[in-house]
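What follows is a short report on a single structure.
Order of appearance sets the numbers: ligands from 1, and atoms from 1 within every ligand. We number each residue from 1, following the sequence as shown.
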Amino acid sequence: MKTPKCLQPLVEDGLVDEVISQLMSGKEATVYMVQSGDNIRCAKVYKEALQRSFKKAAQYQEGRKSKNSRRGRAMEKGSKYGREQQEKAWQSAEVDALYKCAAAGVRVPIPYGCFDGVLLMELITDSNGDVAPRLNDVSFTAQEAIRDHAKMMVYITRMLCAGIVHGDLSEFNVLVDSDGPVIIDLPQAVDASANNNAKAMLARDVDNITHYYGQFAPPLLQTKYAQEIWALYEAGELTPDTPLTGQFVEDTRLADVNTVLDEIKAAYEEEQERLERISDAEQ
Ligand SMILES: Nc1ncnc2c1ncn2[C@@H]1O[C@H](COP(=O)(O)OP(=O)(O)O)[C@@H](O)[C@H]1O
Ligand SMILES: [Mg+2]
């Protein structure tokens, strides 16, 4: 096809030889199939920040620090330069998250870099070599659903161990290749330790995935992976290979408020005595 304007710089730089076809034009990006040397790859072109329909951008950006302070200040001001910097930060967030996930043993498209607002990555294909379907277009036997759900729980665990929560994980952001699920679409990935919404986002990601596979294997709907994974993470006990059970017993013991109050009172009285001793000594 004729090279779209947004991909022209990559053709000029020799990163892309030819644009084969447009795969998708979604809410956030337009995705193309491209020829790069001997390989067919995928090019994701981000829509301008202003066109983007991501409503809760602030929720995702919390805790995301800019490495460059000039960029950080400009982003806060919201000037044209600031908006451009914000757009760059958003684009690099996805390629950074893909590199981290791949290194952590999570099946994602292999990234080849982000150039002029275009993410170049592996094209995920099915066993016939066609573009892989999205999870929401695939049905499973109960056994297959349980197997792939377990893989997804391992991937979510490994991402969390690498400090990442996807934040928009669902059957629409998972492709299925001959080896199983492949996670895509990570520009909004959040930093698990710095973002106060990380726990809720992890729970939503796990629940979306569990609901989808649960249609084919209803016992999955009774599992409590999100609570189990988060509790292990908070206790510092989560490792990339921690065996998961899907079981979780909530701690229903109420905090003993009276004991805590007595301790606060005792500490306060001790401090008052100390202050009195100091003022007596000074007189
Ligand atoms: N690496 C890839 N290989 C094959 N298809 C892809 C790849 N990345 C994206 N796609 C296709 O493009 C669609 C949109 O990509 P996605 O990253 O989810 O962006 P959006 O933000 O628009 O949802 C996906 O649903 C999928 O069908
Ligand atoms: Mg998507």
Validation: residues 225-244 side-chain donor-acceptor distances under 3.5 Å, sequence neighbours left out:
unit_1	atom_1	unit_2	atom_2	d
Glu228	OE1	Thr245	N	3.2
Glu228	OE1	Gly246	N	2.8
Glu228	OE2	Thr245	N	3.0
Glu228	OE2	Thr245	OG1	3.0
Trp230	NE1	Glu234	OE2	3.3
Thr239	OG1	Asp241	N	3.4
Thr239	OG1	Thr242	N	3.1
Thr239	OG1	Thr242	OG1	2.9
Asp241	OD1	Arg158	NH2	3.1
Thr242	OG1	Thr239	N	2.7
Thr242	OG1	Thr239	O	3.1

Give every pair formed by an N or O atom of ligand 1 and a protein N or O atom closer than 3.5 Å, one pair per line with both atom names and the distance to 0.1 Å, or write none.
unit_1	atom_1	unit_2	atom_2	d
ligand 1	1 (N)	Glu122	O	2.9
ligand 1	3 (N)	Ile124	N	2.9
ligand 1	17 (O)	Lys44	NZ	2.7
ligand 1	18 (O)	Asn173	OD1	3.1
ligand 1	18 (O)	Asp185	OD2	2.9
ligand 1	19 (O)	Lys44	NZ	3.4
ligand 1	21 (O)	Asp185	OD1	3.4
ligand 1	21 (O)	Asp185	OD2	3.3
ligand 1	23 (O)	Asp185	OD2	3.0
ligand 1	25 (O)	Arg134	NH1	3.1

Exercise. Under a 4.0 Å N-O cut-off, is there an ion pair linking Glu271 with Arg274?
Worked result: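 Answer for the salt bridge query: yes.
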Problem set entry | Note: Lys44-Asp185 ion pair, threshold 4.0 Å (strictly below) |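 Judged by the 4.0 Å cut-off on N to carboxylate O distance, Lys44 and Asp185 do form a salt bridge.
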For this session: Could you check whether the rings of Tyr212 and Phe140 sit parallel, tilted or perpendicular, using 30° and 60° as the cut-offs?
Result: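 Tyr212 vs Phe140 ring planes: perpendicular.
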Exercise. Between the side chains of Asp168 and Ser170, is a donor N or O closer than 3.5 angstrom to an acceptor N or O?
Worked result: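 Short answer, no.
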Problem set entry | Donor-acceptor pair between Tyr46 and Glu94 side chains, under 3.5 angstrom |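 Yes, side-chain donor-acceptor contact under 3.5 Å.
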For this session: Check the Mg ion (ligand 2) and write out every protein N, O or S atom at under 2.8 Å, as residue and atom.
Result: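 Result, waters dropped: Asn173 OD1, Asp185 OD2.
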Exercise. Distance-only, no hydrogens or angles: does the Asn128 side chain make a donor-acceptor pair with backbone N or O of Asp130 under 3.5 Å?
Worked result: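 Not confirmed, Asn128 side chain does not pair with Asp130 backbone.
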Exercise. Going through the checks in order, is the side chain to side chain donor-acceptor pair (under 3.5 Å) test met by Asp191 and Ser193?
Worked result: CA-CA 6 Å; Asp191 179 340; Ser193 61; 3.1 Å; yes
Exercise. Restricting to pairs with a member in residues 97-108, which pass side chain to side chain donor-acceptor pair (under 3.5 Å), not counting sequence neighbours?
Worked result: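 Matches after skipping sequence neighbours: Arg107-Glu122, Arg107-Asp177.
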